[in-house]
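Hydrogens, waters and symmetry mates play no part in the numbers below; they use all other heavy atoms, side chains included.
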Amino acid sequence: MTDLLNSPVWRDLFVNSADQIPWYAEFVRSLLRFVIALAGGLGSVPILVWLERRLLGFWQGRLGPNRVGPFGLLQPLADALKLMMKEDITPTNVDKTLYYLAPAIALVPVICSLTVLPWNSSSDWGAVAPHLNVGILFLLAVASIEVYGVILAGWSSNNKYSLLGGLRASSQVISYELGMGLSIIAVLLMTGTLAMQELVHSQTIVTNVPIPDSNYSVWTQSVSAGFWNWNIFKLFPFGLVAAVVYMISMIAETNRAPFDLPEAETELVAGFHTEYTSFKFAMFFMGEYANMMIVSAICVTLFLGGYTAPWGILGQLPASWTFFPSSVLNFVNHVVIAPAWLFIKLYTLISFFILVRASQPRLRYDMLMHFGWKVLLPTALANVVLVATSMALQQLFGAVGHFIAVGIAGCLATIVLWVAYLHWKARKSGDEASRLPIRRESVVRAIAARMPVED
Amino acid sequence: MTLQALLSGQGLMFLFFAVAAIASGILVVILQNPLRAALSLVINLFSVAGLYLSLNAYFLATVQVIVYAGAIMVLFLFVIMLLNMGQANLNTSYRGVRTIIAFSSAIGFGGLMSAVALKGQPNVMLPADAMVTGSSAGSVEGIGKVLYNPNLPWLFAFEWTSFLLLVAVIGAVVLAGKRQQPSEDKA
């Protein structure tokens, strides 16, 4: 055993730092990191499906799947088997190339975005591509091309309902990407970095462990600094506002209830995937759930401290446990506990989104657009300006500067809420015509157009 | 560019993306179906982003994908789908004018290419450790420090461009708002 651990091949593959290893070791490492990310990402899909169905059942006062395996745990397996066994129908008049391409385009970007997600602080093993210094921009880029799968599916199916679903998806994603991007900008202002690893480091206590005989002179190791240092609580309440805007946009981005207009079954049958069967449908299904996991993981990384524990003590085994060799302690701390915290935060967040789905009715389409452009976008924009103001004032006046910025924010919010209240009051006290101006007028016009003129 | 430079990792990447960019660019023009043409344009934009990557310009590459492939082309597809444009909708008038424009731009492009080919082989590849004002050249810091430096000429152009965009945004709002004016008057 010790022979193997000290053999040069083993050291090249797993121990030595990245600038001292031959190219095949680097290749094997990249492959391994990718396999880890794939197993974590796509392997979560069945767990998520099971969790969603059980929780929905619980919140809606029914049982949910509980027949296949203990607690219905094997249900996703049975579902997948069923989907694969079903007849694969290709409708007659579809655009074949794009019809076959669409599910793949829906799934591939999701897998790509797994590459920059950090799961522990190791500079070599912490993510598939730990050194990409524009990580969050890469994620935004990948997220912005995910919608092509939905658009292409809707267009190539040669079905009016599918087309409407695709149209809705494209306009919805474009609208909510703005709020999402602006909330991320607020975080970037606070942390001053675009790299995913450094975004996590900025919310933690960082210790630099020197690495002997290497150009990478230090290994940046992050330990939890407590949950009050997370970005969601930074520059309170601006970090919180950014987090809330991000979470709302992320539900809209993943087309989930209450924003699941592209697949609203009461209006569009099944929306963009109406014509898809069997495994092609399964790919859309998998893409949607994997996407949900990715955006939640980004949220955890940006706002909730990534893979670190909420409390320093919870993040590592006590150093006094000297009956374990230090390598074992290190291994457990970085390979078991750090990813475990990532998953705990991830599934808590996802459970929250399932609760939102279980409790909120679907929005009407004009309400969705109204909310995205007239509420979410101005809020996010004002938040970015206020974060910048607070940081500038803090440079001038120290901590007092932040309170001045909060005061400005409070005044702004009061004015906006007051104007909104006046509007609401005016509409409530006004007659029917002022409450529903457009609808009533259009109804009158429609009736007038159909009625024969009497005299 | 010598053959040896082309066969390095960076060179192979360049070859791949260059061929993809040219092929998809030709497809944009050739394809009859507007949606497929737009998709070829998406592939073209991706290939150009890949070319930026091979020049170590990570920021430019990601922004290219976010802005062009992610936002503008989605809007293109949205409009194409909204109008449900088929092949029959292609405008076939002005054929003579179009031929003249096509020929003149072909000649211009050919001239440009031959000028580049004749003038020599400029080494456009940026080494990975190139530095600009103290930070690595393709990074966000590098671009930001060059763009916002008042001693360099780019600041004015940058601010002027953003002002132009603001004018365009306000213009769009005014144009879109005008249409609703009469119906409100009637009510």
(message) What part of Leu39(B) gets within 4.5 angstrom of chain A, counting heavy atoms only: side chain, backbone, both, or neither?
(response) side chain
(request) Against chain B, work out which of Val142(A), Val173(A), Ile174(A), Val147(A) has the most heavy-atom pairs shorter than 4.5 Å and name it. (result) Ile174(A)
(message) Distance check, rounded to the nearest 0.5 Å: Ile184(A) atom CD1 versus Leu139(A) atom CG?
(response) 8.0 Å
(message) With a sphere of 6.0 Å drawn around CZ of Phe76(B), does it hold more than 12 non-hydrogen atoms of other residues, nucleotides or ligands?
(response) no
(request) Select one option (side chain, backbone, both, neither) describing which atoms of Leu167(A) are under 4.5 Å from chain B's heavy atoms. (result) both
(message) Counting only non-hydrogen atoms closer than 4.5 Å, does Val67(B) touch chain A with its backbone (N, CA, C, O), its side chain (CB onward), both, or neither?
(response) neither
(message) We want to know whether Tyr68(B) and Ser144(A) form a side-chain donor-acceptor pair, criterion being a heavy-atom distance below 3.5 angstrom.
(response) no
(request) Give me the contact list for residues 96-112 of chain A versus chain B, heavy atoms only, anything under 4.5 Å, ordered by residue number. (result) Thr97(A), Leu98(A)
(message) For Leu194(A), which atoms come within 4.5 Å of any heavy atom of chain B: side chain, backbone, both, or neither?
(response) side chain
(message) Please classify the contact between Leu164(A) and chain B as side chain, backbone, both or neither, with a heavy-atom cut-off of under 4.5 Å.
(response) neither
(message) Could you check whether Tyr148(B) and Phe158(B) have their ring centres less than 6.0 Å apart?
(response) yes
(request) Please confirm whether Phe138(A) and Tyr58(B) have ring centers closer than 6.0 angstrom. (result) no
(message) To check you understand the geometry: which heavy-atom pair defines the closest contact between Tyr148(A) and Val74(B), and what is its length?
(response) OH-N, 3.7 Å
(request) Measure across Met180(A) and Glu253(A) and return the closest heavy-atom pair with its distance rounded to 0.1 Å. (result) SD-CG, 3.6 Å
(request) Measure from the side-chain N and O atoms of Ser157(A) to the backbone N and O of Asn159(A), and report whether any donor-acceptor pair falls under 3.5 Å. (result) no
(request) Taking all non-hydrogen atoms of both residues into account, name the closest pair between Pro118(A) and Val200(A) and its distance. (result) CG-CG2, 4.0 Å
